[in-house]
Amino acid sequence: MPAPINPFKAALKNGELQIGCWLSMANHYAAEISATAGFDWLLIDNEHATNDLRSTRDQLTLIDASASHPAVRVPVGEAWIIKQMLDAGAQTILVPMVESGEQAEQLVRAVRYPPTGMRGVGPTTARASKFGMIKDYIPTADEQICLLVQVENRAGLAALDDILSVDGVDGVFIGPADLAADLGHLGNPGAPDVQAAIKDTFERIAQSDKASGTLATDPAFAKHCIDLGATFVATAMDVTLFANAIRGAAAEAEKLRG
């Protein structure tokens, strides 16, 4: 029995648009509800949310039972945390702040088993192999891992061509908020030079064999990114959806005071 097919990776390779949602509430109920919504993919955030290995594993388990594909953003591009997330069952990994081709090459090694990589070999204790039940997990796992890297500062932009040349990187994610901050427009990703950089980056990625994506909760910006070639776009975040809904409910209830 081989490793499970990664439908998200296959969709990106075929150029099929994947619409997703960011999961930052670090809550298995929120993840389970989100998995009923119909998104193509759900991103479990470990960089800015209060997730850890166990909360991520719990959410992976719930999302795996749905039609949505779970992806995991690690807090930093270190082999040890990538190894743990892969063993916990993640097949799609998003790594923030990638700034060079050499760094991208090391990340490819982190998601692959030897001899082409350095992922630690311990499948019998890992959820990824169903604790050893998937007998052919080791020889087939690498092919189903999807590695996405974030380009979100000037260093990443300068190294984009080198990053795009790395075999094993499946997609490049543009982080508008961090990019805006690094370009001197903290909190204003709509600044003209930030938007120009985003447009240029999408166009350069489109000339490669990599997929491109972003987080765009504004529908107009999401459509703009898709028109520029983005094929994996998160259009919502569970935290902001809940925050807006609960605050709106409180405001409506306040009207009952008369």
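From a predicted model like this one, the values you see are computed outputs, not experimental measurements.
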- Task: Check whether any side-chain heavy atom of D40 lies under 4.5 Å from a side-chain heavy atom of F8, and answer yes or no.
- Result: no
For residues 10-30, dump all side-chain donor-acceptor pairs below 3.5 Å to protein atoms at least two apart in sequence or in another chain.
unit_1, atom_1, unit_2, atom_2, d
N14, ND2, A10, O, 3.2
N27, OD1, Y29, N, 2.8
N27, OD1, A30, N, 2.9

- Under-4.0 Å salt bridge between D142 and R119: no
- Message: For T61, give me all partners under side-chain hydrogen bond (donor to acceptor under 3.5 Å, both in side chains), at least two apart in sequence or on another chain.
- Response: R127
- Query: Is there a path of hydrophobic side-chain contacts, each under 4.5 Å between heavy atoms of I, L, V, M, F, W or Y residues, that connects L107 with Y113?
  - Reply: no
- Query: With side chains defined as the heavy atoms from C-beta onward, is the minimum distance between P4 and Q144 less than 4.5 Å?
  - Reply: no
- Between the SG atom in C225 and the CD1 atom in I198, the distance rounded to the nearest 0.5 Å is 6.5 Å
- Is it true that R54 and D58 make a salt bridge, defined as a side-chain N closer than 4.0 Å to a carboxylate O? no
- Where do L183 and A197 come nearest, in terms of heavy atoms and distance? CD1-CB, 4.1 Å
- Task: Could you walk me through whether M237 and T217 pass side-chain contact (heavy atoms from CB on, under 4.5 Å), step by step?
- Result: CA-CA 8 Å; M237 302 177 68; T217 57; 4.1 Å; yes
- Message: Distance alone, cut at 3.5 Å: any donor-acceptor contact between the side chains of D193 and H185?
- Response: yes
- State which residues pass salt bridge (Lys or Arg N to Asp or Glu O under 4.0 Å) with D52; sequence neighbours excluded, sorted by chain then number. none
- Message: Just by distance, no angles: are the side chains of N46 and T56 close enough, under 3.5 Å, to form a donor-acceptor pair?
- Response: yes
- Message: With side-chain contact (heavy atoms from CB on, under 4.5 Å) as the criterion, how do H224 and Q195 come out once you've worked through the C-alpha distance, each side chain's angles and the decisive distance to 0.1 Å?
- Response: CA-CA 11 Å; H224 176 61; Q195 287 298 305; 4.2 Å; yes
- With sequence neighbours left out, what residues match D227 under side-chain hydrogen bond (donor to acceptor under 3.5 Å, both in side chains)? K223
- Task: Examine the side chains of D162 and S100 and answer whether a donor and an acceptor come within less than 3.5 Å of each other.
- Result: no
- Message: So L228 and T201, do their side chains get closer than 4.5 Å, heavy atoms only?
- Response: no
- Message: Closer than 4.0 angstrom, basic N to acidic O: yes or no for R204 and D161?
- Response: yes
- Message: Looking at every non-hydrogen atom in both residues, tell me the closest pair between I93 and A90 and how far apart they are.
- Response: CD1-CB, 4.0 Å
- Side-chain heavy atoms of V166 within contact of V108, under 4.5 Å: yes
- Would you call E203 and K199 a salt bridge, taking side-chain N to carboxylate O under 4.0 Å as the test? yes
- Contacts of type salt bridge (Lys or Arg N to Asp or Glu O under 4.0 Å), residue D182, not counting sequence neighbours: R154
- Item | Min side-chain heavy-atom separation L179-P176 under 4.5 Å | no
- Can you say whether the rings of F232 and F173 are parallel (under 30°), tilted (30 to 60°) or perpendicular (over 60°)? tilted
- Can you see which heavy atom on G101 is nearest to which on A159, and at what distance? N-CB, 4.5 Å
- T214 side-chain N/O to A216 backbone N/O, donor-acceptor pair under 3.5 Å: no
- Query: Would I163 and V149 count as a side-chain contact (heavy atoms from CB on, under 4.5 Å) if you check the C-alpha gap in whole Å, the side-chain angles of each, and the deciding distance to 0.1 Å?
  - Reply: CA-CA 9 Å; I163 293 169; V149 300; 3.9 Å; yes
- Query: Just how far is it from atom CD1 of I145 to atom CG of N6, taken to the nearest 0.5 Å?
  - Reply: 7.0 Å
- Message: Does any part of the side chain of M118, heavy atoms only, come nearer than 4.5 Å to the side chain of K83, both counted from C-beta?
- Response: no
- Message: With rounding to the nearest 0.5 angstrom, report the SG to CG distance, C146 to D170.
- Response: 4.0 Å
- Query: Considering all heavy atoms of both residues, which atom of A128 and which atom of Y137 are nearest to each other, and what is their separation?
  - Reply: CB-OH, 3.4 Å
- Just wondering, do R109 and R112 contact through their side chains at under 4.5 Å, heavy atoms? no
- Message: Testing the basics here: between A234 and W41, what is the closest heavy-atom pair and its distance to 0.1 Å?
- Response: N-CZ2, 3.6 Å
- Query: From S129 OG over to D87 CG, what is the distance, rounded to the nearest 0.5 angstrom?
  - Reply: 8.0 Å
- Which residue, I82, L94, V95, T92, forms the side chain to side chain contact (heavy atoms under 4.5 Å, CB included) with L147? V95
- How many angstroms lie between CD in Q91 and CG in L60, if you round to the nearest 0.5 Å? 10.0 Å
Please tabulate, for the side chains in residues 70-79, all donor-acceptor contacts under 3.5 angstrom to protein atoms that are two or more places apart in sequence or on a different chain.
unit_1, atom_1, unit_2, atom_2, d
R73, NE, D45, OD1, 2.8
R73, NE, E47, OE1, 3.3
R73, NH1, E47, OE1, 3.0
R73, NH1, Q150, OE1, 3.1
R73, NH2, D45, OD1, 3.2
R73, NH2, D45, OD2, 3.0
R73, NH2, E47, OE1, 3.4

- Query: Going from CD on Q59 to CD1 on I63, what distance comes out if it is rounded to the nearest 0.5 angstrom?
  - Reply: 6.0 Å
- Task: Report yes or no: do N244 and T240 form a side-chain donor-acceptor pair below 3.5 Å?
- Result: no
- Query: Any chain of hydrophobic side-chain contacts (each under 4.5 Å) joining L215 to V151?
  - Reply: no
